[in-house]
Amino acid sequence: RVSLMRVVVLMSTYNGERFIEEQVTSILNQLPPEGLLMVRDDGSRDRTVALIRGFGDERIALICGANLGFARSFLTLLQQAPPDAEMVMFSDQDDVWLSHKIERAWTHLRAAPSGPVLYCSAQMLVDETLIPLQPTPAWPRPPSYTGALAENIVTGCTAALNADAVQLLRAGGVPEQVHFHDWWMYLVVVSLGTVVVDDEPTLLYRQHGGNLIGRGAGWWGLHLQILRFLLRNDWVGIMLGQIAEFQTRYGDRLRPDQRLVLSQHFEVRNGKAKSRWRTVFGETRWRQTIGNEVLFRVLIACKKVGLWPPFGRGF
């Protein structure tokens, strides 16, 4: 059945000449004859576009566009995906897909309940030369609506959507205040459908100096990445912006209990969101680990009293 499936892989590229050939090859080697690899180049200035054209494969559709940033580029691609796609997958430009990735995603999507379904998996962290470092650990808590409001557990390069999830996400368009397409997909689908987490790695997740978003190897590597991101970005502002977009675009579809959680903890007005003190001092559990739960509440409190980010909007 996989060999006849209409699978569409979405890839956004930007100055990816170092690793793009290896990644595209790993996808084409398992892409069904009816499959499609849609590549949107986000304004590269190197040989990325030429290398992709060099494959000469009819299953590749290349779109060259202006620089939008990775989140908007991916969500723009999702809007352009063929309507007959049975499964839509997402790919970074610098990883390598394991040979069973498409088949495994399709198997999990078919076994899930009806309605919108988002699948994601673990990754095998590797260095620039693909030497294995370690697999990403399993999340201690299952996907949840409250968790998705405050934290992302979906790594975009592992994500796959069924047709219902594609339709659901396309209805939300390309929101201006969404900075991470994978977190947005997780929030929308876990609220109105099903999220399936696979603890088996399905790709080699390359860690290198050019990663826009990475995991880092080991406890120290991961938390060093988190610290670097927090020092350069208004993370709480990013979260609140996404919540505002979510309320505007999907609020009328939520169950009463979901609306109550949102209204009790966040105030959304005129396309802007603010957290309430209940978010800091209430009993709702937001994050996967206790350490991250404490950090989340501290950041929310600092944002409310004007102490974060420490250098205005970040530096």
_Tell me whether the rings of Tyr145 and Phe246 are parallel (<30°), tilted (30 to 60°) or perpendicular (>60°)._
tilted
Please check this pair: side chain of [X] against backbone of [Y], looking for a donor-acceptor N/O pair closer than 3.5 Å.
| X | Y | answer |
| --- | --- | --- |
| Ser26 | Gln23 | yes |
| Asp198 | Ser121 | no |
| Trp183 | Ala148 | yes |
| Tyr186 | Ile153 | no |
| Arg141 | Gln288 | no |
| Asn15 | Arg45 | yes |
| Asp41 | Gly65 | no |
| Arg206 | Val126 | no |
| Asp46 | Thr48 | yes |
| Arg269 | Lys274 | no |

The side chain to side chain donor-acceptor pair (under 3.5 Å) partners of Gln80 (sequence neighbours excluded) come to none
Of all residues at least two apart in sequence or in a different chain, which pass the ring pair (Phe, Tyr, Trp, His ring centres under 6.0 Å) check with [X]?
| X | result |
| --- | --- |
| Phe19 | His208 |
| Phe296 | Trp286 |
| Tyr119 | His108 |

Can you measure from [atom1] ([X]) to [atom2] ([Y]) and round to the nearest 0.5 angstrom?
| X | Y | atom1 | atom2 | answer |
| --- | --- | --- | --- | --- |
| Asn162 | Thr194 | CG | OG1 | 8.5 Å |
| Met185 | Phe90 | CE | CZ | 4.0 Å |
| Asp92 | Met11 | CG | CE | 8.0 Å |

Do [X] and [Y] come within less than 4.5 Å of each other through their side chains, counting heavy atoms only?
| X | Y | result |
| --- | --- | --- |
| Met38 | Pro82 | yes |
| Leu125 | Pro132 | no |
| Phe55 | Val24 | yes |

Taking every heavy atom of Glu34 against every heavy atom of Arg6, the minimum-distance pair comes out as O-NH1, 2.8 Å
If you measure only the distance, is there a donor-acceptor pair under 3.5 Å linking the side chains of [X] and [Y]?
| X | Y | value |
| --- | --- | --- |
| Asp42 | Ser12 | no |
| Ser275 | His265 | no |
| Gln123 | Thr155 | yes |
| Ser73 | Arg40 | yes |

Here the ring-ring contact (aromatic ring centres under 6.0 Å, His included) pairs for residues 28-48, sequence neighbours left out, are none
Residues 146-178 vs ring-ring contact (aromatic ring centres under 6.0 Å, His included), sequence neighbours excluded, gives none
hydrophobic_cluster_shared for Leu187 and Leu260, side chain cutoff 4.5 Å: no
> Do Ile300 and Ile290 share a hydrophobic cluster (ILVMFWY, side-chain heavy atoms under 4.5 Å, transitive)?
Replying inline: no
State whether the number of non-hydrogen atoms from other residues, nucleotides or ligands found under 6.0 Å of Arg285 atom CZ is greater than 12. yes
